[in-house]
Amino acid sequence: MTTADWTAIAGLAVILALVFAFLQRGPRPRLEEARPQIAIDGTNVLFWRGDGAQLVTLRQVVDHLGQSGFDPVVFLDASSRHHIGDKSLNEQRFAAALGVSQERVMVCPAGTEADAFILEYANAQKLPVVSNDQFRDRPKEVRNIKLIKGLFVGDSLILKGLDQV
């Protein structure tokens, strides 16, 4: 046998080994489908129960949206930690309390309103916004945004317009 014959046999063996390895690994796991994002006006949602700011209220909304197939992105005013009464809350701690990754929480800089950040992000990404705020002071920015209004009746959350997203 010549060197060319041995090279061909070796090449064929490598190809067969790769095919065999591919077949042995079984079916490929499905990649998780990307979930549509939805922006949350976290500071607004904190007050939805009417008893002052409650982090549990925001957590329930985040959980509900996650269970409904969305990937929530939460925006909070810097003052939110003071409303809740826990000045140690930063993006990392808010994320942990809300059960989302830190990349899904933005605590806006002190002296700014989260509204500007929420609307800019929602417009750029073409996302709906969960908030009871009418954003009347920002009519141009909110013009093309679908607003999802919410309220709690007892422990039941009602989100008006979520089914149209």
Side-chain angles (χ1 to χ4, degrees), residues 26-165:
R28 284 196 244 177
R30 272 184 67 172
L31 295 176
E32 186 175 321
E33 293 182 25
R35 295 160 42 113
Q37 289 186 12
I38 191 164
I40 300 176
D41 180 353
T43 305
N44 181 273
V45 172
L46 287 171
F47 290 92
W48 278 11
R49 290 193 188 268
D51 300 333
Q54 295 181 30
L55 191 56
V56 67
T57 302
L58 180 54
R59 172 69 191 247
Q60 287 177 310
V61 171
V62 168
D63 287 348
H64 180 84
L65 291 167
Q67 292 166 3
S68 298
F70 292 94
D71 187 7
V73 181
V74 182
F75 292 83
L76 295 147
D77 292 323
S79 63
S80 296
R81 63 188 108 221
H82 301 287
H83 294 305
I84 294 170
D86 185 349
K87 295 177 187 174
S88 72
L89 288 170
N90 56 19
E91 287 177 352
Q92 182 180 12
R93 290 190 173 160
F94 268 117
L98 297 174
V100 297
S101 67
Q102 186 174 341
E103 296 80 29
R104 295 288 176 232
V105 175
M106 179 182 187
V107 177
C108 300
T112 66
E113 293 181 358
D115 293 358
F117 290 91
I118 296 165
L119 297 176
E120 183 176 334
Y121 186 80
N123 272 312
Q125 302 294 319
K126 301 193 181 345
L127 303 179
V129 175
V130 176
S131 179
N132 286 341
D133 192 337
Q134 296 293 319
F135 301 104
R136 288 192 178 111
D137 55 334
R138 301 173 190 279
K140 289 180 185 175
E141 292 93 334
V142 76
R143 179 180 23 220
N144 296 318
I145 293 178
K146 170 75 175 158
L147 292 176
I148 309 297
K149 306 292 183 186
L151 69 121
F152 279 89
V153 177
D155 284 333
S156 298
L157 172 62
I158 300 170
L159 292 172
K160 184 179 179 187
L162 186 64
D163 57 339
Q164 299 165 3
V165 174

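We number each residue from 1, following the sequence as shown.
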Mind checking whether Val142 and Asn123 have side chains closer than 4.5 Å, heavy atoms only? no
Would a 4.5 Å heavy-atom cut-off, applied to side chains only, mark Phe94 and Leu76 as touching? yes
How would you list, by chain and number, every residue that makes a side-chain contact (heavy atoms from CB on, under 4.5 Å) with Pro109, sequence neighbours excluded? Thr112, Phe117
Those residues that, when tested against [X], pass side chain to side chain donor-acceptor pair (under 3.5 Å) (two or more places apart):
X: Ser79; result: His83
X: Ser156; result: none
X: Arg81; result: none
X: Gln134; result: none

Extract all donor-acceptor atom pairs below 3.5 Å that involve side chains of residues 144-152 and protein atoms in other chains or at least two apart in sequence.
from: Lys146; atom 1: NZ; to: Gln164; atom 2: OE1; distance (Å): 3.0
from: Lys149; atom 1: NZ; to: Asp133; atom 2: O; distance (Å): 3.1

Using the salt bridge (Lys or Arg N to Asp or Glu O under 4.0 Å) rule, collect all pairs that involve [range], keeping only residues at least two apart or in two chains.
range: residues 85-95; value: none
range: residues 44-66; value: Arg49-Asp155, Arg59-Asp63
range: residues 116-129; value: none

Report the distance from atom [atom1] of [X] to atom [atom2] of [Y], rounding to the nearest 0.5 Å.
X: Leu46; Y: Ile40; atom1: CG; atom2: CD1; answer: 10.5 Å
X: Asp41; Y: Asp77; atom1: CG; atom2: CG; answer: 7.5 Å
X: Ile118; Y: Glu141; atom1: CD1; atom2: CD; answer: 12.0 Å
X: Asn44; Y: Thr57; atom1: CG; atom2: OG1; answer: 11.5 Å
X: Leu65; Y: Gln37; atom1: CG; atom2: CD; answer: 12.5 Å

Taking ring-ring contact (aromatic ring centres under 6.0 Å, His included) as the test, write out the residues that go with Tyr121, two or more places apart. Phe75
Contacts of type ring-ring contact (aromatic ring centres under 6.0 Å, His included), residue His64, not counting sequence neighbours: none
Atom of Arg138, atom of Ala116 and distance for their closest heavy-atom approach: NH1-CB, 3.8 Å
Can you give me every donor-acceptor pair (side chain of residues 100-108, partner residue at least two apart or in another chain, under 3.5 Å) with its distance?
from: Ser101; atom 1: OG; to: Glu103; atom 2: OE1; distance (Å): 3.2
from: Arg104; atom 1: NE; to: Asp71; atom 2: OD1; distance (Å): 3.2
from: Arg104; atom 1: NE; to: Asp71; atom 2: OD2; distance (Å): 3.1
from: Arg104; atom 1: NH2; to: Asp71; atom 2: OD2; distance (Å): 3.0

